[in-house]
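What follows is a set of notes on a single structure, which appears directly below.
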Amino acid sequence: MDADTSRASSGARRRRAATPAASGHGHGHGHGHGGGDLDGPSGRRVRMLLAALLVPCALAVLVGLVVLAPSPGEYAQVGARAATGQGAPGLGSQTPVDAEVIRAAAESDCTDPNLPSPGPGEGCVAVTLRLGEGPAAGSTILSLAPTTPGSPRFAVGDPVVLGWAGGDPADPLTYTIVDFQRGSPLLVLGAAFALAVLLLGRWQGLAALVALGVTLGVLALFVLPALATGSPPVPVALTAAGLIVGVVLPLTHGVSARTATAALGTLASLGLIGVLAVLFAATSRLTGLGEEASELAGVLGPGLDLRGLLLAGVIIGALGVLDDVTVTQTSAVWELHRADPATRLVDLYGAAMRVGRDHVASAVNTLVLAYAGAALPLLLLFALAGRGLGDLLTAEDVAQEVVRTLVGSIGLVASVPLTTFLAAVVVRAVRSSTVSTESRGEHA
């Protein structure tokens, strides 16, 4: 009996000793797959540091939203002025009407489609259209479309958009062919994109699509109304960027120390990009003038800050690449630390930087190619004009893209060491707090 009691007591002691160890292991393992626990003395210090850095940013974004966002009435007034053409040709002076091409005649004189055809590029095409909506829906009209080299060509069955100037809906002279209808193919493409994201990302892909909707909502509901009503473009862009980072990153990647670190790296890099953009836009004497900007200035009036609009575009355009780099770099630090939790801070930083160098080299090339692709017709036009490389790069339209590319690239490069260092410090503190918790469990 005494022997049995002794064996039972020994087994109980072994079970009590094993239980904390198992609990400690489960605790550390669970946080290894999450964003990192911030319990314990070291974790609390990191949590306070992250809060001290992020809370002022969040407050600044809230203040920006309150100060810069216009009321619905103000935005409606600006839209009404633009539509009626006060001070400039009205953007809403024509009502869009869907139609379909049912016949496209041979090239003819612009004044009379029955006259003999002129030389190539000198006349018009008589296009017969069936109206799909509007007061005269179902009727057909004859419209003349120019045949210059830059004009579109029409074929039977083409869905087009007409601009109706008002007046007699049966009068063909009140209609102008404005554009093609592109709603259906773009809708199919959007559905294919969403399906691809969902198939690969599953629930995280769904979160990414919701985050994309949030981004579009910020642009449509805050950025565009604020800019249209005369709010300073750079603060508007920074506020929008802060809001997007504060909502999209946690929504896509969860609320964790890892996400907070990526957000800090993104916001710090955006601040650097904003400063550099303001500095070099001023020293390069960029005006922000272009075909679209000039038309916009004519509609909204002389108070529009075109250079600020250019700078806002630089900031918002760089955000899309920045959050990719900072999230990837933070994840690289977390995974490297998980593989070897005993790695020293300097070694962890060095290993993650080797990953970051490859990533940033590809991202910089992506930025350059993206802007070059957008400006390709302009670059070709300058090249055909026989202007030298120096003249080409310093022309207003090209210099804007040069500043946009180089400023964004500098911010991108700076984001890698900054985010890597922040992530290395935070992940070691997170691990330190986890080890401390495990140690307390072992000694309990």
Side-chain angles (χ1 to χ4, degrees), residues 24-25 27-58 204 242 245-246 248-250 252-273 318-319 321-364 409-439:
H25 174 74
H27 185 81
H29 181 76
H31 288 294
H33 288 279
D37 190 14
L38 291 182
D39 293 332
S42 298
R44 282 194 293 271
R45 285 194 293 269
V46 172
R47 185 172 57 202
M48 293 176 61
L49 175 61
L50 292 175
L53 295 173
L54 287 175
V55 168
C57 295
Q204 191 171 13
V245 169
V248 168
L249 289 187
T252 307
H253 305 285
V255 178
S256 64
R258 181 189 304 196
T259 303
T261 304
L264 276 175
T266 303
L267 293 175
S269 302
L270 279 177
L272 175 62
I273 288 174
L319 176 59
V321 183
L322 267 181
D323 63 6
D324 171 50
V325 171
T326 55
V327 168
T328 302
Q329 202 60 24
T330 305
S331 296
V333 172
W334 246 258
E335 294 303 322
L336 287 169
H337 189 267
R338 178 185 297 169
D340 186 5
T343 305
R344 296 183 307 160
L345 177 63
V346 63
D347 295 331
L348 180 61
Y349 177 81
M353 279 298 298
R354 286 192 289 273
V355 177
R357 290 188 189 99
D358 291 338
H359 192 189
V360 78
S362 301
V364 167
S409 298
I410 291 173
L412 193 65
V413 170
S415 71
V416 172
L418 175 62
T419 306
T420 303
F421 178 75
L422 285 173
V425 171
V426 171
V427 75
R428 283 184 59 83
V430 169
R431 177 59 186 172
S432 174
S433 67
T434 304
V435 171
S436 176
T437 303
E438 292 175 353
S439 299

Requested in this report: State which residue, out of Leu270, Val248, Leu267, fulfils the side-chain contact (heavy atoms from CB on, under 4.5 Å) condition with Leu319.
Outcome: Leu270
**Report entry** Ile273 and Ile410, any side-chain heavy atoms less than 4.5 Å apart
**Finding:** no
**Report entry** Min side-chain heavy-atom separation Val426-Trp334 under 4.5 Å
**Finding:** yes
Query - Contact check, side chains of Leu322 and Val245, non-hydrogen atoms, under 4.5 Å - result: no
Query raised in the report: What heavy-atom pair brings Leu54 and Ala263 nearest, and what distance separates the two atoms?
Result: CD2-CB, 4.5 Å
Query raised in the report: Judged by atom type as modelled, is there a donor-acceptor pair below 3.5 Å linking the side chain of Thr326 to the main-chain atoms of Asp323?
Result: yes
Query raised in the report: Out of Val355, Val427, Val425, which one pairs with Val333 under the side-chain contact (heavy atoms from CB on, under 4.5 Å) rule?
Result: Val427
Query raised in the report: What side chain to side chain donor-acceptor pair (under 3.5 Å) pairs are there with at least one residue in residues 415-426, not counting sequence neighbours?
Result: Gln329-Thr420
Query raised in the report: Where the side chain of Thr259 meets the backbone of Val255, is there a donor-acceptor pair that is under 3.5 Å apart?
Result: no
**Report entry** Pair Thr343, Asp340: side-chain N/O donor-acceptor within cut-off below 3.5 Å
**Finding:** yes
Query - Any side-chain heavy-atom pair of Leu264 and Leu418 under 4.5 Å - result: no
**Report entry** Contact summary for Met353 and Pro417, nearest pair of heavy atoms
**Finding:** SD-CA, 3.7 Å
Query raised in the report: Run the side chain to side chain donor-acceptor pair (under 3.5 Å) check on Thr261 and Thr330 step by step: do they pass?
Result: CA-CA 7 Å; Thr261 304; Thr330 305; 5.9 Å; no
Query raised in the report: Looking at side-chain heavy atoms only, is the closest gap between Val416 and Arg357 below 4.5 Å?
Result: no
Query - Non-hydrogen atoms of Ser269 and Gly265 that approach each other most closely - result: OG-O, 2.8 Å
